[in-house]
Amino acid sequence: MPGGLRPVGIVATGAYVPDHIMTNKDLEKMIDTTDEWIREKTGISARRIIDPEDTTSDLAARAAMQCLDEADVDPMEVELMIVATSSPDHIQPPTACVTQGKIGAMNAGAFDVNTVCSGFNHAIAAGAGFIADGSHETVLVVGAEAYSRILDFTDRTSCVYFGDGAGAVLLRPVEEGYGILANYMRADGTKADAIKMLAGAAARPSSEETIANRENYFRMDGKAVWEFATGIVPHAMDACLKRAGLSREDLDFVITHQANVNIIEHIVDFLGMSMEQTHMTIERYANTAAASIAITLDEALRIGKIKKGDVVGLLGFGGGLAWAANIIRWAV
Ligand SMILES: CC(C)(COP(=O)(O)OP(=O)(O)OC[C@H]1O[C@@H](n2cnc3c(N)ncnc32)[C@H](O)[C@@H]1OP(=O)(O)O)[C@@H](O)C(=O)NCCC(=O)NCCS
């Protein structure tokens with residue numbers, strides 16, 4: 001951890017995706033698109049869709065409980081719970097508080113982080129700080145999204161990209177030399193319009209007009225996102241490595257936000273790494289926004305792609321525009 005504070009690492013992970021699968025072929029029946037277009041432009045074949053009776057906090061709670069079970073930690077031991085989400089249950093109360101209640105983590109504080117698809121990276125950085133300064137021992141960080149609830153399934157330029165799911169990590173003190181070595185966060189609010197929901201909050205409350213204009217749904221300028229994600233974003237990994245006193249050659253593994261296979265390949269190539277040094281879930285789960293890195297990290301660990309001592313880079317980017325990286329020497 002930077003600044004001579006005590007080291008903090010990820011000691012357990014968990015993930016949950018809904019059972020219901022929506023394939024590209026299913027989307028072909030709903031909008032003017034093709035399985036071929038979606039696979040070529042995004043690498044996505046299918047995505048998971050939340051059950052009708054569930055909401056984002058239910059996905060968060062299941063991922064959180066799997067993570068705590070793996071670590072054999074009782075929810076009452078958790079002192080802080082951070083949920084990264086851009087599709088919260090409600091504008092208020094915070095989804096983190098609702099999730100805290102659902103898992104019974106009654107000794108924990110709870111707050112949301114909303115930096116859209118880089119929310120998980122921001123939440124890890126924030127959570128680690130509370131352990132590094134000695135004030136907390138056990139922090140649970142969750143990325144959870146139910147984008148199917150905010151997508152416009154008549155808009156082919158946005159609805160094909162996203163899916164629902166959640167992932168969780170448990171942060172605790174780790175041995176010296178291991179854990180989160182550096183964090184790096186950036187934003188460019190002058191490009192905030194590239195990814196947005198126009199209506200449904202203070203700037204433009206929901207009305208008959210906003211509903212009629214379909215302004216209460218998620219919108220994305222895909223080409224602007226492409227330029228952002230393949231332009232400035234990969235440099236964040238270099239900047240974060242520098243903060244950690246490392247260079248690209250030291251990176252063993254990288255997990256990027258699962259936005260789009262073409263973007264992931266571009267970033268891996270930029271870093272001079274091979275596709276064996278990353279893991280992807282985009283084909284099966286699509287882009288799960290703030291949950292995507294958490295879900296992909298959990299799977300990479302479960303299939304043994306990351307081992308103790310590996311230097312792992314996490315790179316998130318998306319609405320804000322905001323982007324963030326974490327460099328972690330794996331501690332367990
Ligand atoms: C959006 C993106 C796929 C466009 O790629 P591109 O190679 O520049 O696209 P092309 O110009 O070949 O194709 C765009 C055409 O496909 C059409 N199109 C858009 N969505 C489509 C869909 N779901 N199915 C079929 N056609 C679609 C567009 O209307 C456009 O048609 P037009 O040329 O007649 O106007 C690319 O810029 C991209 O990957 N952006 C990143 C998006 C992303 O990952 N977002 C995640 C948020 S973090």
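As the structure is a prediction and not an experimental result, all values here were calculated from the model. Remember, it's 1-based here, ligands and their atoms both numbered in the order they're listed. Heavy atoms only: backbone and side chains are in, while hydrogens, waters and symmetry mates are out.
- Note that atom 12 (O) of ligand 1 has protein non-hydrogen atoms nearby, at separations under 4.0 angstrom.
- Residue Glu36 qualifies as enclosed at atom CD: its count of foreign heavy atoms under 6.0 Å is above 12.
- In terms of modelled atom types and a separation under 3.5 Å, the side chain of Gln66 and the main chain of Tyr16 share no donor-acceptor contact.
- For atom 34 (O) of ligand 1, no protein heavy-atom neighbour is found at a distance under 4.0 Å.
- The residue Thr42 has no part lying near ligand 1, judged by heavy-atom distances below 4.0 Å.
- Side-chain atoms of Thr296 and Thr281 form a donor-acceptor pair, as typed in the model, at a separation below 3.5 Å.
- Proximity annotation for atom 42 (C) of ligand 1: of Phe218, Phe317, Tyr161, Tyr161 comes nearest, heavy atoms only.
- Contacts between Thr33 and ligand 1, counted as non-hydrogen atom pairs separated by less than 4.0 Å, involve both the backbone and the side chain.
- Within the 4.0 Å cut-off (strictly below), a protein heavy atom is located near atom 8 (O) of ligand 1.
- Under the 4.0 angstrom criterion, atom 1 (C) of ligand 1 counts as having a protein heavy-atom contact.
- Ligand 1 has no atom lying under 4.0 Å from any heavy atom of Glu227.
- Heavy atoms of Ile38 stay at 4.0 angstrom or farther from ligand 1.
- Looking only at atom types and distance, the side chain of Ser87 has a donor-acceptor partner in the side chain of Glu145 under 3.5 Å away.
- Counting only heavy atoms, the protein gets under 4.0 Å from atom 19 (C) of ligand 1.
- No heavy atom of Asn262 sits closer than 4.0 Å to any atom of ligand 1.
- Contact annotation: for Asn287 versus ligand 1, heavy atoms closer than 4.0 Å belong to the side chain alone.
- Counting only heavy atoms of the protein, atom 29 (O) of ligand 1 lies nearest to Arg156 NH2, 3.0 Å.
- Atom 27 (C) of ligand 1 is approached by the protein to below 4.0 angstrom, counting heavy atoms only.
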